[in-house]
Amino acid sequence: MPKSGLLVTGDGLNVNLLLQTVSEASLVQDEHIAKTQTDSKPAEKICVTPIHLRPDLLIPCADLVNAEWQRSQAARVHSLQKSCPDFPIHLVLLLQVPGQVERLLGHARLSRVIGHSGSLFVESVVVSKAERGKGYGRTLMEDTERYAKSRGFKRLCLTTHDKQHFYTHLGYKLSTPVQSAGAMASFVPMEMLLRFSTVPNRVPTLQKQRDTEVEKGMIPCPPPPPLTSAIPPPPPPLSFNPPPLGVSPVVQSLTETPYRDAKGVSIFWMHKDL
């Protein structure tokens with residue numbers, strides 16, 4: 001009778017079966033060791049949280065943002081301290097591993113959009129220089145979107161000078177400018193900001209209302225302007241230069257934009273429906 005792992009034939013001992021058995025046993029042992037090592041690895045957790053819930057991160061976050069947009073640390077901390085549930089909100093992206101020091105990965109700020117109650121404006125999106133190239137930019141935006149959606153908002157708006165292709169891959173589309181409440185919302189009611197932003201549009205309506213009241217005799221008709229002896233000069237001739245034939249107006253694309261920032265630099269407006 002053959003012993004375990006051996007096959008006796010008429011020609012003698014066949015070692016092929018023995019080698020195969022040993023190889024399979026080694027493979028099973030290696031798989032067990034690899035699984036044990038994987039199971040023992042601490043689970044990583046990446047999350048975003050408002051910085052007003054983590055005041056211990058004010059200075060590290062100020063340094064992170066200042067590494068991209070230089071400003072005094074005191075001024076940056078003061079800006080971060082304005083984060084509150086009623087906006088603006090500063091979000092920080094954190095990597096938490098049991099038994100290791102928590103790592104600050106990124107930052108984004110959310111503020112309300114004036115005149116659009118379901119929209120938020122996201123800005124100051126930055127990932128730590130030491131953590132770039134690892135996909136944390138996408139993670140920061142996706143977690144920011146989830147946070148905004150959990151608060152009941154339906155759209156995120158943003159601007160960028162040169163990252164329009166990155167945001168396009170995340171589902172953002174070219175858009176038109178909106179007005180962000182920014183830090184003003186922390187000490188000016190949204191109703192007043194909305195009034196300020198719509199005052200120019202009410203001028204024709206108010207003039208029309210006044211004309212109607214004059215016609216109905218509700219208010220006295222204003223006196224005509226006094227006559228002057230001087231004859232006003234004729235208006236200057238109107239000049240109009242039509243665009244050359246074959247030249248199309250500038251259209252907004254991922255490489256061209258008609259919009260400029262306060263410094264005159266090209267800027268792309270984008271939005272995404274959540």
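Start at 1 with the first residue, then count along the sequence.
- Side chains of Ser180 and Ser111: a donor on one and an acceptor on the other come within 3.5 Å.
- Inter-residue side-chain proximity for Pro85 and His52 is flagged as met; some heavy-atom pair is nearer than 4.5 Å.
- Open room surrounds NE2 on His78; 12 or fewer heavy atoms of other groups in view lie less than 6.0 Å from it.
- Distance check, rounded to the nearest 0.5 Å: CZ of Arg146 to CE of Met141 gives 11.5 Å.
- Between Tyr259 and Phe268, the closest side-chain pair of non-hydrogen atoms is not below 4.5 Å.
- The six-membered or imidazole ring of Tyr147 lies away from that of Phe153, with a centre-to-centre distance of 6.0 Å or more.
- With a 4.5 Å cut-off on side-chain heavy atoms, Leu110 and Arg151 do not count as touching.
- The shortest non-hydrogen separation linking Leu254 to Leu174 is N-CD1, 3.9 Å.
- When all heavy atoms are compared, the tightest approach of Pro258 to Gln252 is CD-CB, 4.0 Å.
- When the side chains of ILVMFWY residues are joined at heavy-atom separations under 4.5 Å, either directly or via intervening members, Val92 and Val125 end up in two distinct hydrophobic clusters.
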* Residue pair Gln73, Asn66: steps toward the side-chain hydrogen bond (donor to acceptor under 3.5 Å, both in side chains) verdict -> CA-CA 7 Å; Gln73 187 184 79; Asn66 276 349; over 6 Å; no
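- Lys272 approaches Gly171 most closely through the heavy-atom pair CG-O, 3.7 Å.
- Clustering ILVMFWY residues whenever any of their side-chain heavy atoms sit less than 4.5 angstrom apart, transitively, puts Tyr172 in the very cluster that holds Leu91.
- Atom NE2 of His161 sits about 8.0 Å away from atom NZ of Lys263, to the nearest 0.5 Å.
- The minimum heavy-atom distance linking Tyr136 with Ile46 is given by the pair CE2-CD1, 3.6 Å.
- The number of heavy-atom neighbours closer than 6.0 Å to NZ of Lys173, taken from other residues, nucleotides and ligands shown, is 12 or below.
- Contact annotation: the side chain of Ser266 approaches that of Arg260 to within less than 4.5 Å [non-hydrogen atoms, C-beta and beyond].
- Evaluation of the side chain to side chain contact (heavy atoms under 4.5 Å, CB included) rule for Arg138 yields Glu142, His169, Leu170 as partners, not counting sequence neighbours.
- Looking at Glu102 and Arg54, a side-chain N of the basic residue comes within less than 4.0 Å of a carboxylate O on the acidic one, giving a salt bridge.
- Scanning all heavy atoms of the two residues, the minimum distance from Thr144 to Leu140 falls at OG1-O, 2.7 Å.
- Looking at Phe121 and Val178, their side chains come closer than 4.5 Å, going by heavy atoms from C-beta outward.
- Between Trp269 and Thr257, the closest side-chain pair of non-hydrogen atoms is not below 4.5 Å.
- When all heavy atoms are compared, the tightest approach of Arg71 to Ser79 is NH1-CB, 3.9 Å.
- Val122 and Leu94 fall into different hydrophobic clusters, where Ile, Leu, Val, Met, Phe, Trp and Tyr residues are linked whenever their side-chain heavy atoms come under 4.5 Å apart, directly or through other members.
- Annotation: side chain of Leu158 is not in contact with side chain of Gln164 (no heavy-atom distance under 4.5 Å).
- Contact of the Asp273 side chain with the Lys154 side chain is not registered, since no non-hydrogen atoms from C-beta on lie closer than 4.5 Å.
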* I would like to know whether Ser83 and His90 meet side-chain hydrogen bond (donor to acceptor under 3.5 Å, both in side chains); could you show each step before the answer? => CA-CA 5 Å; Ser83 178; His90 293 262; 5.7 Å; no
* Asked: For Arg132 and Glu68, what are the C-alpha separation, side-chain angles and deciding distance, and is it a salt bridge (Lys or Arg N to Asp or Glu O under 4.0 Å)?
  -> CA-CA 13 Å; Arg132 294 178 184 177; Glu68 190 71 21; 2.8 Å; yes
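- Within the structure, the side-chain hydrogen bond (donor to acceptor under 3.5 Å, both in side chains) test picks out the following pairs touching residues 117-130 (sequence neighbours left out): Arg109-Glu123.
- Annotation: the span from His271 atom NE2 to Thr159 atom OG1 amounts to 14.5 Å, rounded to 0.5 Å.
- Linking ILVMFWY residues whenever their side-chain heavy atoms come closer than 4.5 Å, directly or via other members, leaves Leu80 and Ile89 in distinct clusters.
- With Arg76 contributing its side chain and Trp69 its backbone, the two residues share a donor-acceptor pair below 3.5 Å.
- By the criterion of side-chain heavy atoms lying less than 4.5 angstrom apart, applied directly or through intervening Ile, Leu, Val, Met, Phe, Trp or Tyr residues, Ile267 is not grouped with Val126; the two fall into different hydrophobic clusters.
- Here Leu274 contributes atom CG and Arg155 contributes atom CZ; the two are 9.5 Å apart, rounded to the nearest 0.5 Å.
- Annotation: the span from Leu93 atom CG to Glu131 atom CD amounts to 9.5 Å, rounded to 0.5 Å.
- Put simply, CD1 on Ile59 and CG on Leu64 are 13.5 Å apart, with the number rounded to the nearest 0.5 Å.
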